[in-house]
Number of protein chains: 2
Amino acid sequence: MSKTSRPVPPRAPTLEDVARAAGLSSMTVSRALNTPQLVRPKTVEKVLAAVKATGYIPNALAGGLASRRSKLIAVVVPQINNSMFVDTIQSISDELAVRGYHMLLCVAGYAQQTEAELVATLLSRRPDGIVLTGIHHSTELKRVILNASVPVVEIWDLTPTPLDMLVGFSHEKVGEATADYLLRKGYKRPGLLWTVDNRAALRKSGLCEALARNDIREPAFVDVSLPARFASGRQGLRDLLKKGSFDVIVCSSDTLAQGAIVEAQASGLRVPQDLAVIGFGDLDFAADTHPSITTVSVDRQVIGQRAATLLADRIEGLPQQETIVDIGFHFVERDSA
Amino acid sequence: MSKTSRPVPPRAPTLEDVARAAGLSSMTVSRALNTPQLVRPKTVEKVLAAVKATGYIPNALAGGLASRRSKLIAVVVPQINNSMFVDTIQSISDELAVRGYHMLLCVAGYAQQTEAELVATLLSRRPDGIVLTGIHHSTELKRVILNASVPVVEIWDLTPTPLDMLVGFSHEKVGEATADYLLRKGYKRPGLLWTVDNRAALRKSGLCEALARNDIREPAFVDVSLPARFASGRQGLRDLLKKGSFDVIVCSSDTLAQGAIVEAQASGLRVPQDLAVIGFGDLDFAADTHPSITTVSVDRQVIGQRAATLLADRIEGLPQQETIVDIGFHFVERDSA
DNA sequence: TTGTAGGCGTTATCAA
DNA sequence: TTGATAACGCCTACAA
């Protein structure tokens, strides 16, 4: 009165179970699933039927262990809830999905120590590739990652000496382009509303040095904590206006610019006549605010798409052209400055 | 003249390598790393030294295969670049990190078919738990997921019959609360600016039915595609104003509300005197726009935090209280309505 | 085109 | 407290 029929297997069906059901060897089933072109069509059919019958779901842990390819890409970003990065993350995810990879997403915060530790634990998943945000990493992280000899793409920055591959643009040049615009438009008294992160700092120094070369000395600025928010833009402008008088406010992101514009208007200043405002990023609202925001456009989706493509190509041994990609940027003149 | 010294092992060091370096068995090394309290302190020291010396990084694929616990949580969301979800994702990620799990993030789009397929491939990673957005899933998805008998948390919605666990709130009630507010404030001619997703639809029907019970018939509305954007708010209001005249515009998100407010102001309407606007979500800018946005506040971070906690507790066999969590919401009266 | 043998790196289990 | 052995489920390599 005990084990009469099936003892109800509590464990998930394996390749072996499918093979048994199909009257084949497990190896043939594996081939039918992964490289069907190497298997007789009729056999493939049998296998697929058996898969459906058994409810088989492959075990990628076992597969990855055996094949040494996990089909996993680890992505490390400082923050998710940051308008700058979400679009990039989404496009990485989309492109990876097309290529058959899954995305392991890790939020590192802006502390280097944390990033090094995170990457170490991520490597235990044996990802086929890693995406890192930025190019400033602790030596510990570099050591670990180079030692693992896993393909890496750094994004959102530019350097002639990346760890491996890179997709980004020059933040210094963004700063310079902004300075050029200010000079061309005849602005003389700029004020800065600036978030405190590495990339923003580069844009700031590019801007300030270009201004200095034209005899405009270090502008007054207000630091803003991350992520950039509308409210910080409003508050930041209030703080800035206490420090002096300005004809233009340059913001390290459109979100701050949007806040600054509203704050200016709320305090009776006309934008751009009384106070001009410049943003960065060309976020989706920038063209539609009132006035629309003069800003620097960066294709955040392309960054993700190219990064994912670089990794997948490298992993799959496909020929690669450039592995250092400057996606550039362009200045967008609108109504706010 | 060949293999004199180390033949440079191209493969990553394994437990075996560490064991050799420490003069122990691999099993002891494994214990020292995972359950140090079961190993003599001095032995643990030796192991840690050997780990550092060899540069050992555990292989979670092998570990997961052997232990049947992957320490991986799969998270499925419709979109990342959607202000509503990012905060939840970030808090899931944060909480999971604390608990020692990694997050596999998948973007499903809003098509059910896609979600079912995605989850099937996700299950091949043998995640210890899954987070699904919403409660509307294809029967295929339900079958697959129940069959896998993996802990599941559905988020951002409420139902007495979840697949497993659930953290959310009632969208119908949000709609009703909004209707109550409209009635209390004496608004008679509402117009709707509404995104086309399941949850928004629930809020809409909750709103419309409550209005109907008070003899206000189905309001005019304009559909907006996802993700909700500032520009859609502006354009949407233009479209809506062609359909009739209104004393209040109810938006399915604060982002739309922000756009609608700017559009109203740009066309000479005072908010709220000429036209009131109500949003949803209490996004970070809602309190600081001009006028500030009357909206419904939802703690998006708590959703993520609770979801992660529920999963981790369940996985680790910890006692659980409620597995259906209504985090509620509250109406926030500000200046726009 | 299909099958066999062996190993991927870890942990569960039992023994010492 | 430590070690030996046998899975875990799949894929590489080779053989038929």
Side-chain angles (χ1 to χ4, degrees), chain A residues 9-47 50-51 54-72 100 121 123-128 148 317, chain B residues 9-47 50-51 54-72 100 121 123-128 148 317:
Chain A
R11 69 175 196 19
T14 70
L15 221 39
E16 200 66 47
D17 297 318
V18 180
R20 211 172 354 254
L24 294 162
S25 78
S26 63
M27 198 52 237
T28 302
V29 175
S30 173
R31 279 198 203 94
L33 262 24
N34 299 314
T35 52
Q37 67 277 15
L38 299 183
V39 176
R40 184 151 46 98
K42 269 203 168 176
T43 310
V44 174
E45 275 178 44
K46 264 196 276 185
V47 168
V51 164
T54 53
Y56 172 70
I57 293 182
N59 184 326
L61 297 175
L65 177 59
S67 68
R68 298 162 163 288
R69 322 233 276 87
S70 63
K71 283 279 180 178
L72 220 45
T121 68
L123 285 174
S124 73
R125 303 281 171 188
R126 296 297 189 267
D128 291 338
Chain B
R11 68 176 197 19
T14 71
L15 221 40
E16 200 66 48
D17 297 318
V18 179
R20 211 172 353 253
L24 294 162
S25 78
S26 62
M27 198 52 238
T28 301
V29 175
S30 173
R31 278 200 203 92
L33 262 23
N34 300 313
T35 53
Q37 68 277 16
L38 299 183
V39 176
R40 183 152 48 99
K42 269 201 167 178
T43 310
V44 175
E45 275 178 44
K46 263 197 277 185
V47 168
V51 164
T54 54
Y56 172 70
I57 293 183
N59 185 327
L61 296 175
L65 177 60
S67 68
R68 297 163 164 286
R69 322 233 277 89
S70 62
K71 283 277 180 178
L72 221 45
T121 69
L123 285 174
S124 73
R125 302 281 170 189
R126 296 296 186 268
D128 291 338

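- Between B/Arg31 and the phosphate of D/dT2, there is no side-chain N or O to OP1/OP2 separation shorter than 4.0 Å.
- One can place CG of A/Leu15 at 14 Å from P of D/dC8, the figure rounded to the nearest angstrom.
- Each of A/Gln37 and A/Met27 was assigned the nucleotide of DNA chain C with the nearest heavy atom; the assignment lying further toward the 5' end belongs to A/Gln37.
- Protein atom CG of B/Leu24 is 11 Å distant from nucleotide atom C1' of D/dT1, rounded to whole Å.
- Shortest non-hydrogen contact noted between A/Ala62 and B/Leu65 is CB-CD1, 3.7 Å.
- Within residues 63-72 of chain A, the residues approaching DNA chain C are A/Leu65, A/Ala66, A/Arg68, by heavy-atom distance under 4.0 Å.
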**Study point:** side chain to side chain contact (heavy atoms under 4.5 Å, CB included) between A/Arg31 and A/Thr43, worked out
**Key:** CA-CA 10 Å; A/Arg31 279 198 203 94; A/Thr43 310; over 6 Å; no
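- Between the two ends of the helix from C/dT1-D/dA16 to C/dA16-D/dT1, each summarised by a five-pair axis, the helix axis turns through 30° (rounded to 10 degrees).
- Close to D/dC11, at under 4.0 Å from its OP1 or OP2, lies a side-chain N or O of A/Asn34.
- Residue order along DNA chain D, read from the 5' end via each residue's closest nucleotide, puts B/Ser25 first among B/Ser25 and B/Ala62.
- Bounding nucleotides for the chain B contact on DNA chain C, 5' to 3', at a heavy-atom distance below 4.0 Å, are C/dG9 to C/dT13.
- Nearest approach of B/Ser25 to B/Ala19, heavy atoms of both residues: C-CB, 3.6 Å.
- Residue B/Arg40 holds its CZ atom at 6.5 Å from NZ of B/Lys46, rounded to the nearest 0.5 Å.
- Across every non-hydrogen atom of B/Ile57 and A/Arg126, the tightest pair is O-NH2, 2.8 Å.
- A/Asp17 and A/Thr54 get closest at one heavy-atom pair: O-CG2, 4.3 Å.
- Nearest approach of A/Gly100 to A/Lys71, heavy atoms of both residues: O-CD, 3.4 Å.
- Put simply, B/Thr43 has a side-chain N or O that comes within less than 4.0 Å of OP1 or OP2 on D/dT2.
- In this structure, CG of A/Leu33 is placed 17 Å from C1' of D/dT12, rounded to the nearest angstrom.
- Close to D/dG9, at under 4.0 Å from its OP1 or OP2, lies no side-chain N or O of A/Thr14.
- Contact between B/Arg69 and B/Asp128 at its shortest, heavy atoms only, is CA-OD1, 3.5 Å.
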**Study point:** Verdict with supporting geometry, A/Leu15 and A/Leu33, side chain to side chain contact (heavy atoms under 4.5 Å, CB included)
**Key:** CA-CA 10 Å; A/Leu15 221 39; A/Leu33 262 24; 4.3 Å; yes
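- Comparing B/Val29 and A/Asn59 along DNA chain D, the residue whose closest nucleotide (by nearest heavy atom) sits nearer the 5' end is B/Val29.
- Summarising the geometry, the separation between CD1 on A/Ile57 and C1' on D/dC10 is reported as 16 Å, rounded to the nearest angstrom.
- Taken from CG in B/Leu61 to OG in A/Ser67, the straight-line distance is 8.5 Å, to the nearest 0.5 Å.
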